[in-house]
Amino acid sequence: MKKALIIGGGIAGPVTAMALQRAGLEPIVCEAYEEAAAGQIGAYLTVAVNGLSALALLDAHHVVTEIGHPTATLSFATSAGKHITDMPIGGTLPDGTVTHSIKRRDMYRALNAEATRRGVRFEYGKRLIDATSTADGVRATFADGTTIEADVLIGADGIRSRTREIIDPTAPEAHFLGIYGLGGFVTDPALHRELGLRPGVYSMIFGKKAFFGYFVAPDGEIWWFANMPRTQELSAQDSASSAQWRAQLVELLSADRGPAARIVAATTDDTFVSAFNQYDMPTVAKWHNDKMVIVGDAAHAVASSSGQGVSMAVEDAVTLAICLRDIPDTAAALAAFEDRRRERVERVVAHGAETSSDKASNGLGRLLVRLLTPYFLKKAAKVGVAPLSWMFDHRIDWTAPAVTR
């Protein structure tokens with residue numbers, strides 16, 4: 001039985017572990033933090049139908065469907081509060097499952113718990129420092145001075161991946177999208193009734209100074225996010241409080257009609273997610289060497305506007321497991337994985353970058369986006385999800401053997 005060392009215990013890590021376990025490998029997950037979900041930022045995540053289909057191959061889709069909420073429809077509005085159109089988010093799986101949204105920390109914890117329940121070994125407080133190939137596999141060295149040896153090392157360590165640097169010291173760094181993300185939850189169920197919000201519909205508002213999205217959960221809680229265009233990255237030293245960010249965002253959103261400013265103002269400090277930078281990854285030329293490979297955001301982080309970050313990581317996990325299951329030579333298996341995945345994920349990254357560029361625009365560019373967006377959205381709504389079927393309709397066949405070219 002091959003031993004697989006997985007660096008990173010966020011989303012890609014536990015899913016990769018469960019996929020490899022099903023493929024007959026022995027996974028070990030090493031997480032830099034001392035506990036699951038520690039240090040994770042962001043309000044919530046979208047898991048599209050293609051990602052849920054891949055999770056179902058591992059019988060792990062319930063992690064999302066039991067905790068998250070169906071969000072099958074997008075509703076768009078202008079800054080003046082005028083409804084533009086409604087559009088589906090992907091399609092519907094044969095069992096009726098649609099795209100879901102789930103709180104980020106809930107998903108992290110649920111995936112870790114599910115992998116642990118299945119017997120996956122987790123090692124916390126293990127920050128990767130270096131990794132080197134050996135005659136029999138790979139040896140990883142951690143900040144606490146310990147080492148672990150395995151047959152293959154998989155970097156699921158996110159957009160600032162140390163594994164990516166080890167594989168290729170010249171690999172590109174994350175690309176700042178010109179957007180700060182913020183988010184939060186309004187726990188007072190009376191507000192959505194007062195504002196007349198539609199439960200279960202994912203509403204998007206093209207504001208004059210910020211982009212805003214929200215939906216109402218079945219229990220009446222309002223989940224929201226906002227994108228603020230900015231030219232400079234937020235520094236790690238920024239000390240602005242939740243109250244300061246909330247006040248700044250309310251001021252920006254007050255330029256628009258609609259519920260956005262009221263929703264943000266009603267968000268308390270304990271449910272407010274302060275500003276964070278949003279990134280994607282330029283093309284990473286080298287995903288693997290003979291014994292190491294990167295998956296998920298480490299290889300191809302996509303803009304959050306694509307709604308495909310989680311789904312791409314899950315697809316990676318399942319595809320990699322199939323390749324390692326069927327191709328005995330590790331180097332050949334890793335090459336086959338990249339061959340199967342690169343074209344698709346780079347297309348998704350490009351799609352996300354295009355949608356994010358609209359949100360990052362300022363001045364005249366932003367005005368043009370606001371004026372032209374209703375026309376293009378109405379045109380897109382007439383043809384439904386067909387233009388994006390390549391993204392949502394992707395399905396992986398677990399039974400189909402992987403082969404090398």
Side-chain angles (χ1 to χ4, degrees), residues 2 4-8 10-13 15-20 22-23 25 27 50-51 54 57-58 128 131 133 137-138 140 150-175 280-302 306 308-353 390-391 394-398 400-405:
K2 281 187 176 180
L5 185 60
I6 300 167
I7 306 300
I11 290 176
V15 176
T16 301
M18 289 187 281
L20 293 178
R22 183 177 180 192
L25 284 79
N50 52 296
L57 296 175
L58 308 177
L128 181 69
S133 296
V138 62
D151 296 285
V152 60
L153 184 146
I154 301 161
D157 44 351
I159 200 163
R160 302 198 182 281
S161 170
R162 173 59 183 146
T163 310
R164 183 178 63 237
E165 295 176 339
I166 294 169
I167 292 173
D168 181 8
T170 67
E173 295 182 354
H175 165 245
D280 67 3
M281 278 299 302
T283 297
V284 177
K286 194 172 182 180
W287 285 15
H288 67 90
N289 58 25
D290 288 350
K291 305 288 177 64
M292 308 178 209
V293 67
I294 47 177
V295 298
D297 284 356
H300 48 71
V302 300
S306 72
Q308 284 287 329
V310 173
S311 296
M312 290 300 100
V314 175
E315 289 182 8
D316 277 0
V318 174
T319 304
L320 177 61
I322 291 171
C323 292
L324 287 169
R325 177 195 69 189
D326 297 339
I327 303 173
D329 180 75
T330 299
L334 302 184
F337 161 73
E338 179 178 347
D339 185 58
R340 286 185 168 206
R341 293 296 295 161
R342 181 179 284 276
E343 182 178 355
R344 171 167 170 75
V345 298
E346 290 191 347
R347 189 178 180 187
V348 174
V349 171
H351 169 72
W390 62 269
M391 185 161 65
H394 183 77
R395 302 291 182 265
I396 300 171
D397 185 352
W398 180 264
V403 295
T404 57
R405 287 189 178 182

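We count residues from 1, following the sequence as given.
- Ala301 pairs by the side chain to side chain contact (heavy atoms under 4.5 Å, CB included) definition with Ile159, Met281, Asp297, not counting sequence neighbours.
- Residues satisfying the side chain to side chain contact (heavy atoms under 4.5 Å, CB included) test with Ala156, not counting sequence neighbours, are Ile6, Ala12, Val295.
- When atom types are taken as modelled, the side chain of Asp290 and the backbone of Ala331 share no donor-acceptor pair closer than 3.5 angstrom.
- For residues 150-164, the set of pairs meeting the salt bridge (Lys or Arg N to Asp or Glu O under 4.0 Å) definition, not counting sequence neighbours, comprises Arg162-Glu165.
- Side-chain atoms of Lys2 come within 3.5 Å of backbone N or O of Pro328 as a donor-acceptor pair.
- With sequence neighbours excluded, the residues that form a side chain to side chain contact (heavy atoms under 4.5 Å, CB included) with Asp339 are Arg405.
- Judged by distance alone, with hydrogens and angles left aside, the side-chain atoms of Arg344 form a donor-acceptor pair with the main-chain N or O of Trp390 at under 3.5 Å.
- Looking only at distances, a side-chain donor or acceptor of Arg342 sits under 3.5 Å from a matching main-chain atom of Ala285.
- Scanning for ring-ring contact (aromatic ring centres under 6.0 Å, His included) contacts around His300 gives Trp287, with sequence neighbours left out.
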(message) Ile166 vs Leu153, test: side chain to side chain contact (heavy atoms under 4.5 Å, CB included). Steps then yes/no.
(response) CA-CA 11 Å; Ile166 294 169; Leu153 184 146; over 6 Å; no
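- Checked against side chain to side chain contact (heavy atoms under 4.5 Å, CB included), Ala402 has the following partners two or more places apart in sequence or in another chain: Ile322, Cys323, Asp326, Ile327, Arg340.
- To the nearest 0.5 Å, atom CD of residue Glu315 and atom CZ of residue Arg395 are 9.0 Å apart.
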